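Beneath this line is the structure, given in structure tokens, with notes to follow.
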Amino acid sequence: MFREVSSKINFVQLEEDILRFWKEQGIFDESIKIRKEGPHYAFYEGPPTANGSPGVHHVLSRLYKDAVCRYKTMKGYHVPRKAGWDTHGLPVELEVENSLALTSKAQIEEYGVARFNDRCRQSAFKYIKEWEAMTERLGCWLDMEHPYITLDNSYIESCWWITKQLWEKGLIYQGYKVTPHCARCGTSLSSHEVALGYRDDAEDPSVYIKFRVEPSPISETAKQKRLYELSGGKATYLLAWTTTPWTLPGNTALAVAPDADYAVVKVDDGYLILADALLEQAGLSGYKVVKEVKGSDLAGVHYEPLYNNIDIRYVKGDEKAYRVIEGDFVSLEEGTGIVHIAPAYGEIDFEVGERENLPLVHTVELNGTVTTNLVTGFTPKAREYIQRSEAPVTLRPARGKLDLPGAGKFVKDADKDIIDNLKSRGLLFRSERITHTYPFCWRCQSPLLYYAKQTWYIRTTGVKKELISGNAEINWYPDYIKHGRFGDWLEHNVDWAFSRERYWGTPLNIWCCEACGTSEFPTYECVGSLDELRAQSNLSGLTAALDLHRPYVDEITFACPKCGGRMQRVPEVIDCWFDSGAMPVAQWHYPFENEDKFTQNFPADFICEAVDQTRGWFYSLHSISTLLFNRPCFKNVICLGHVVDAQGEKMSKSKGNVIDPRAVINNYGADALRWYMLVSTPGEDNHRFSTKMLEETIRKFFLTLWNTYSFFSLYANIDCFIPQPLTVDSDQPKAFTELDRWIISELNRLVSEVSKLMDGYNPTSAARRIEGFVDNLSNWYVRRNRRRFWKSENDADKLAAYTTLYRCLVTLCQLLAPFVPFIAEELYQNLCRAVDPRARESVHLTDFPVADQAEINDRLNSNVELAMKISSLGRAARAKAGIKVRQPLGKAVVNVGAEGEKKALESLATEVMEEINVKQLVILGEAKEGEESRCHPDMPDYSVANDAKYWVAVSIELPPELIAEGVSRELVRHLQNMRRNAKFDITDHIITYYQTKEPCIKQVINAFADYIKQETLSQELINGLPPDGTYGEKHRIANGEVSLAIKQANAKQTS
RNA sequence: GGGCCAUUAGCUCAGUUGGUUAGAGCACGGUCCUGAUAAGACCGGGGUCUGUGGUUCGAAUCCACAAUGGCCCA
């Protein structure tokens, strides 16, 4: 016997029971254990940053991962799923800073790095609990008891090993480059962090600065002379434009577009030079142009520095600074066509500086204030030269007093002082304010400064070719990411700035000796493991209670192998993206242990995250793997879209449109959430989340499925059906009807399609096919076959129907298991475990169904489709004539147009006749020669409906015998409703009483007595007053009134 | 400023390599069916398939440009 299934169902309660069952029985572990001998399927969990409560957008990737891994498990693969947590990084630090009301690095250090990092550690774990609870409740199976955690010493040690490998390959270097720098946080931001903080409405100065051309031809070039002669001794200025006045003291060159035309314009106090095309924008269109020159004519011209007391150190072969250079980046759409170059404060500026051997001048401190000292810069050539020089050279920049305007102020505040100062010196042509796009720190809202400083780099450009060729081996879903977003990113690869001047992160494992060599180029040691560290001579600071984090690691020093001085760790920590990208190695503490596990799980068969990870985790995984092993570390990757709200807007705390997944699960259940998110939108698109649509999903899919299941178990119990291995082709083939064969054919087709789609990493399409099948099963197969389940004989036909429906439901619950694991389990427990003690304990331990191709009958599938179509047209024809479906009609004429279709329909004629309630079906095939065209049927006494291909005409003649039959069905329907209203059991036999003055109704009851009794389980139809205690209703049928009453035939026994 | 993706009914989405009259669900109005159904069926209103050009006998589909939105990058 099957457990009784209520048609009303509380999915939330059901899921909690099943969760308990899984836990108690250890089903997840078992599902992995039983596949131990199967082929291995490696899955990498992208570690969530545990710096906040999980949102509904985190649910999406979790359940995609779960669906795929469950599917593969059922397909026989061994799929361990190790959880992981990303615990380091700025986001965690920020959270702690906020809670402690700290606002600067100085305050953190005052608070104490040890205490601060301790807080960070706690903060990371606090959120992990919430994530675990959500993951479990969602039914996502993940080994959260043995996760990898990026803050573990063992994890850090593996990261150190990786760094050492790269160090030895010469792929790590310290570069002096321009990076987006947050002066408040005191660190560089990675490119993806910068992307978080662009603002379109940033207000900044827009200033036009006059750079005076050298009045005397100190450089004896012809160009210089010509300009000098032209001015007739009067001052000539190169007009440049900038929105960052604070960078002007760092200026060492001006750039022009070589092919552009430049005008020399006469103004009151001399001449201005700027691009022709920008005269009007600069407000100079009314002035006289005295000469036109090409940009290339200006190249090499020298001008006076804005601040003439800057001490620049040149070496042999260096060209002087403060000259005009050519640049292909010079815009002729804004500014003046003359670009101010400050190599310390712009990426392009820096590149130009390297190319042109320009000095790099710093006038701003790392905390963002204008310096009170002067810092001398060096060109790349100067650095090389000094490095090679045998004579010791003091490389520390000479610091001398320099009174810059706004000294000591934050640069954005100093802008005004600089502008005022230039104005007072007559070097300001124009000054206003504009709004434009500018990056701000996503954490603290400070404006970012592009700032040249020393940062540790991984030379990813050194393996660019390998990155690209490795990408070719990866299957991307959707595929366009491969050559689009990701491929593009690889094509434009730049070296990875992977150090952070922060506190809470994997410490960079490089030690530095300040004693030997010069202070600018000291001896470095990269330590690749704890053993290596312990083996250093004269080691100190390594304590028993090992914590590799700052500040403890900073205390570890050892003797310099070259000079015996102290080696001190560099202050930086490693970018947390490096942590997560290291997980293929570090999750196993490879190579220090678990070599077998590492090998078995490398590369991953499958990873899945949202699209923003193309530049995040997908990239850090791919680059580290390529650097280390010269091959990609994942084969298949699903790239998901983002979850947005019902209006398509991004969910954010500030908008208040964030949805808490726990609330959704508690209201609707995890399965509903899972199915809705998988089915509603293809993975790569943005997912609009609306609880209204989720409710619809429950009604449309879950309740339909549930009721089919409850229908089956209800009748199967009544008939004591015991599932037997009876198939369409076996023991009693004749008992199976066309519709049985059809639904089994559809079932096999479904199995085949779902497998294929899942193999192609497309759960959405797979789930949509299942939805289609459930609709067919419920609204065609079950509806058409109800009578076979109701009838009283327990014959082969009935058994065939049960067997068919049972098989559909069992197969369905297995197909559903990867998507909606709870309801699938419920079905399985009742349909399989309840009747077969040898069955596996859980649906998730069973094998995924395999389609039997022999049972797929495409012709049958299209035949039934045709029958559905014709039935639909038949109903339309009836509706046109206004005749209820309950009223039988004499004849329907159907035109299908082709002989094949005629035969097809003939084989299903009974179904169509019952469906549209006609006594006879005339099917017209292909029009024979000489026959009239059947395109426009115009048949008297018929009602016709048609579509492009077919038409159906139903006879609207109503002879008395048909009316009588209609009345009988009317009576049956009322009695059935009364049974239900009276809350009788479905199997109760009844006695029916009726009273009517209408002779025709009496006649009908007499003529159709057997039919009415059979349909309503009436033992007797008694014409007369009902006794007390019966349930009665009055109805109008065919313009006559009839009083009906019913009572249970064996009422005493049932109560 | 650049790249990728999207734009189909009021809403959410289908629409195979170009090929009859562009579909489904929800919502709305009407009718019907029903002892599995918070279900279902039929009819109806609702579409310049974002726009403009182009290729073609034929374009929602291919191409170009533009607009809007999302994501990524500057």
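Reminder, nothing fancy here: chain letters follow the sequence lines and each chain counts from 1. This structure is a prediction, so every number in the text was calculated from the model and none was measured.
Checking B:A38, B:A36, B:C72 against every side-chain atom of A:R615, the shortest atom distance belongs to B:C72. Among the nucleotides B:A74, B:C72, B:C26, the one closest to any side-chain atom of A:R485 is B:C72. Of the listed nucleotides (B:G3, B:C73, B:U12), B:G3 has the atom at the smallest distance from the side chain of A:D488. Residue A:R875 places its side chain closer to B:A41 than to any other of B:C13, B:A41, B:A39. With distances taken from any side-chain atom of A:S778 to the nucleotides B:G40, B:C13, B:A36, the minimum falls on B:A36.
With sequence neighbours left out, A:S206 forms a side chain to side chain donor-acceptor pair (under 3.5 Å) with A:W241.
Looking only at atom types and distance, the side chain of A:E826 has a donor-acceptor partner in the side chain of A:Y709 under 3.5 Å away.
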Exercise. Step by step, would you call A:E915 with A:M868 a side-chain contact (heavy atoms from CB on, under 4.5 Å)?
Worked result: CA-CA 9 Å; A:E915 197 64 18; A:M868 289 174 172; over 6 Å; no
For this session: Might you work through the side-chain contact (heavy atoms from CB on, under 4.5 Å) test for A:C639 and A:F618, ending with a clear yes or no?
Result: CA-CA 10 Å; A:C639 202; A:F618 295 153; 3.8 Å; yes
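Judged by distance alone with a 3.5 Å cut-off, no donor-acceptor contact links the side chain of A:S871 to the base of B:A41.
Using a 4.0 Å heavy-atom distance criterion, A:Y480 is classed as a sugar-phosphate-only contact. Heavy atoms of A:K700 sit under 4.0 angstrom from primed sugar atoms or phosphate atoms, though from no base atom. Backbone-only engagement by A:E696 is indicated by non-hydrogen atom pairs under 4.0 Å involving sugar-phosphate atoms exclusively.
At least one side-chain nitrogen or oxygen of A:Y715 sits closer than 4.0 Å to the OP1 or OP2 atom of B:A36. In terms of phosphate contacts, A:R973 brings no side-chain nitrogen or oxygen within less than 4.0 Å of OP1 or OP2 of B:C33. The side chain of A:R886 contributes an N or O atom lying less than 4.0 Å from OP1 or OP2 of B:C33.
The nearest whole Å value for the distance from the OH atom in A:Y477 to the C1' atom in B:C5 is 19 Å.
In this pair, A:F721 and A:F712 present their aromatic rings perpendicular. The plane angle is above 60°, beyond the 30 to 60° band.
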Donor-acceptor pairs under 3.5 Å, side chain of residues 692-705 of chain A to any protein atom, not counting sequence neighbours: which ones?
unit_1: A:E695; atom_1: OE2; unit_2: A:Y668; atom_2: OH; d: 2.7
unit_1: A:T697; atom_1: OG1; unit_2: A:M693; atom_2: O; d: 3.1
unit_1: A:T704; atom_1: OG1; unit_2: A:K700; atom_2: O; d: 2.6

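Helical stems in RNA chain B, defined as runs of 3 or more consecutive Watson-Crick or G-U wobble pairs with both donor-acceptor distances under 3.5 Å, are listed by first residue as B:1-7 with B:67-73, B:10-13 with B:23-26, B:28-32 with B:40-44, B:50-54 with B:62-66.
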